[in-house]
Amino acid sequence: MPTLWVPPFTGAPDEDIPMKKSLLTLALALAAITFSLAVRAQAQTLTTLYSFCSQTNCPDGDSLSAPLVQGTDGNLYGETAFGGTSVGNSSCGSLGCGTIYKITPQGKLTTIYTFCWSAASPCPDGDGPQGGLVLATDGNLYGVTAGGGANNYGTVFKITSAGKLTTLHNFNNTDGWVAEGRGVIQAANGNVYGTTFGGGANGEGTIFEMTPSGTFTSLYSFPANCPLCTGPNGLTQGADGNLYGTTLGGGVTDNCNAASTGGTFFQLTPSGTLTTLAVFCRLTGFFPNSPLVLAANGNFYSTTAGGGESLDADQGTVYEMTPTGSITSLYSFCLQTDCPDGKTPIGIALGTDGNFYGTTELANADYKGTIFEITPAGQLTTLHTFTPTNGNFLGGSDPVGPMLLHTNGAFYGVTSFGGKHGSGSVFRFATGLQPFVKMVPTSGAVGTNVIILGTNLTGATAVSFNGKSANFKVISASEITATVPRGATSGTVTVTTSGGRKLKSNVTFRVP
């Protein structure tokens, strides 16, 4: 640790005492800051937990999707679009139809489901799961497949942590096609919402709603000439209860690059009324490519794949968007020669420190992606660069999508390539953030039953919603169930552990 220098005192003896106390206080404060920074620097370590395709034909999966999701058991769950033990016995042939896997925070992987067990074509249970899963309040995981199902246009499914899968809906093209898993969320009303890349009344994609019992409603079909409103990226519920999202393409380009259709930002009411609030343009970034992240200030943050004010044109941005559609570009990538800060950001996650953490798919010619931290004001720090060892990216390369912040304080993510076998990996990235608790859902009225995820919760002595005590039950070391108490208001949820430690929620729990 650097030596802390304190200037000598030159005043009279009686006058020195207050000054000495002030300077000593300052010195101790600086020492604490220096120690904290040193701990954060030492903690910024990446560990490869698992490398896929460890055997011929990749029975453990191939082509990873993001993000991962934390289950009630504290483990992580994810998908691969290809691979699995159905290889050679299904309509997917040698590629395999995909898997769902469980991986412990320490890296032990178990395949809990392989799609398309039968030789039927199309695969009755779907094929090509993509985009990640969502944990719902019933404890099950929900997701989508890009193909297969009764009509070969994909499915919506739920699956237990033990691997029991139930198909909830079979797309038929008129209600959507090629569902995008990153659009699957559970809203405050308990229903699951998602998007499809194609299909619908105009062939440009849809937004759908699914009740926990399986009732499916197609809420909105994107128009054929909006112009080119294609590729919805997924949905996020705002503080006002409406759903918000972006499209990869489309939008009126009057004040944009004439050759671009740079994407849109929209609001959707629960009843299905869609309003386009903003159009993405080159300088602020275009082609938004990841779901929106809601911050404590009520604004949304995310990334674009192109645009910005970079030296190497159109390498992407991180942006802030208000619920009314006012966009601010926080950072343009590739601001230096050879792009040491990365190219093509692909999603961010909110840290417990209020900053955002994300990945880029690429960097310069020799590097294959980065991990970065960015403040809400736009100050970016590159924390890790995926680099080769003797030409091999054993630590992974080309990270995919946003990382997951686990309640143990570490980030978990996946890569498309690299690892021991070149087919991608799961990694843990520690930045020194402390453990916390996560709410499922993140909003609810008085009387709503919620799941609280965490670590070392056994023996917890209290749960409070913004200071209001709540009834709760400890289910396991990683799960508590609680009821939103009468008189609760929006704010932080706090769990007091058996050792007296207070674990706080990572986002504001909103009580309407």
Side-chain angles (χ1 to χ4, degrees), residues 39-54 60-61 64-80 100-112 132-133 135 161 342 345-353 355-361 367-373 381-389 392-438 453-456 477-478 503 506:
V39 169
R40 286 292 303 275
Q42 292 171 3
Q44 290 174 10
T45 56
L46 185 141
T47 304
T48 300
L49 298 178
Y50 189 84
S51 294
F52 281 82
C53 209
S54 57
D60 53 353
L64 283 70
S65 295
L68 299 167
V69 65
Q70 182 176 341
T72 56
D73 56 4
N75 294 319
L76 304 161
Y77 291 82
E79 303 168 318
T80 68
I100 297 176
Y101 62 88
K102 171 179 69 176
I103 186 168
T104 68
Q106 296 75 35
K108 181 181 179 181
L109 185 136
T110 304
T111 300
I112 65 170
L133 304 163
L135 174 66
S161 58
I346 187 164
I348 54 177
L350 179 62
T352 52
D353 57 358
N355 295 330
F356 300 93
Y357 295 78
T359 58
T360 65
E361 286 187 302
Y367 303 146
K368 299 295 184 181
T370 66
I371 299 175
F372 62 86
E373 174 185 8
T381 303
T382 300
L383 302 178
H384 178 80
T385 301
F386 290 86
T387 57
T389 301
N392 297 314
F393 287 86
L394 299 178
S397 69
D398 303 82
V400 184
M403 298 182 293
L404 166 77
L405 180 58
H406 192 281
T407 55
N408 63 14
F411 289 96
Y412 292 79
V414 299
T415 66
S416 294
F417 304 106
K420 293 180 180 179
H421 316 292
S423 294
S425 64
V426 177
F427 64 84
R428 178 178 64 237
F429 187 68
T431 64
L433 297 180
Q434 297 301 303
F436 64 98
V437 290
K438 181 181 296 185
L453 304 178
T455 55
N456 300 319
S478 57
L503 300 175
N506 59 326

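The structure displayed is predicted, hence computed values, not measured ones. Residues take their numbers from the sequence shown, with the count starting at 1.
Taking Y77 as the reference, V69, D73, N75, K102, I112, L133, L141, S161 meet the side chain to side chain contact (heavy atoms under 4.5 Å, CB included) condition, with sequence neighbours excluded. Looking at residues two or more places apart in sequence or on another chain, you find no side chain to side chain donor-acceptor pair (under 3.5 Å) involving T48. Residues passing the ring-ring contact (aromatic ring centres under 6.0 Å, His included) test with Y50, sequence neighbours excluded: F52. Contacts of F372 classified as ring-ring contact (aromatic ring centres under 6.0 Å, His included), with partners at least two apart in sequence or in another chain: F333.
Atom CG of L383 is separated from atom OG1 of T45 by 11.0 Å, given to the nearest 0.5 angstrom. A distance of 8.5 Å separates CG in L503 from CG in N456, rounded to the nearest 0.5 Å. The distance from atom CD of E79 to atom CG of L64, rounded to the nearest 0.5 Å, is 10.0 Å. Rounding to the nearest 0.5 Å gives a distance of 7.5 Å between CG of L49 and OG1 of T104.
Side chains of N506 and L350 form no contact here, defined as non-hydrogen atoms less than 4.5 Å apart. Between F411 and L46, the closest side-chain pair of non-hydrogen atoms is not below 4.5 Å.
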Discussion item. side-chain contact (heavy atoms from CB on, under 4.5 Å) for D353 and T431? Distances and angles first, verdict last.
Written reply: CA-CA 11 Å; D353 57 358; T431 64; over 6 Å; no

Practice prompt. Kindly indicate, with the supporting measurements, whether the criterion side-chain contact (heavy atoms from CB on, under 4.5 Å) is fulfilled by F386 and I371.
Written response: CA-CA 8 Å; F386 290 86; I371 299 175; 3.9 Å; yes

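Between D60 and T111, the closest heavy-atom pair is CA-OG1, 4.0 Å. Contact between V414 and Y101 at its shortest, heavy atoms only, is CG1-OH, 3.9 Å. Across all non-hydrogen atoms, the minimal contact from S54 to S51 is CB-O, 4.3 Å.
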Run the side-chain donor-acceptor check on residues 399-408: report pairs under 3.5 Å with partners two or more places apart or on a different chain.
residue, atom, partner, partner atom, Å
H406, ND1, N408, N, 3.0
H406, ND1, N408, OD1, 3.4
H406, ND1, N408, ND2, 3.4
H406, NE2, G74, O, 2.8
T407, OG1, Q70, NE2, 3.0
N408, OD1, A410, N, 2.9
N408, ND2, Y412, OH, 3.1

Give every donor-acceptor pair under 3.5 Å between a side-chain atom in residues 418-430 and any protein atom, sequence neighbours left out.
residue, atom, partner, partner atom, Å
S425, OG, T415, OG1, 2.9
R428, NH1, P105, O, 2.8

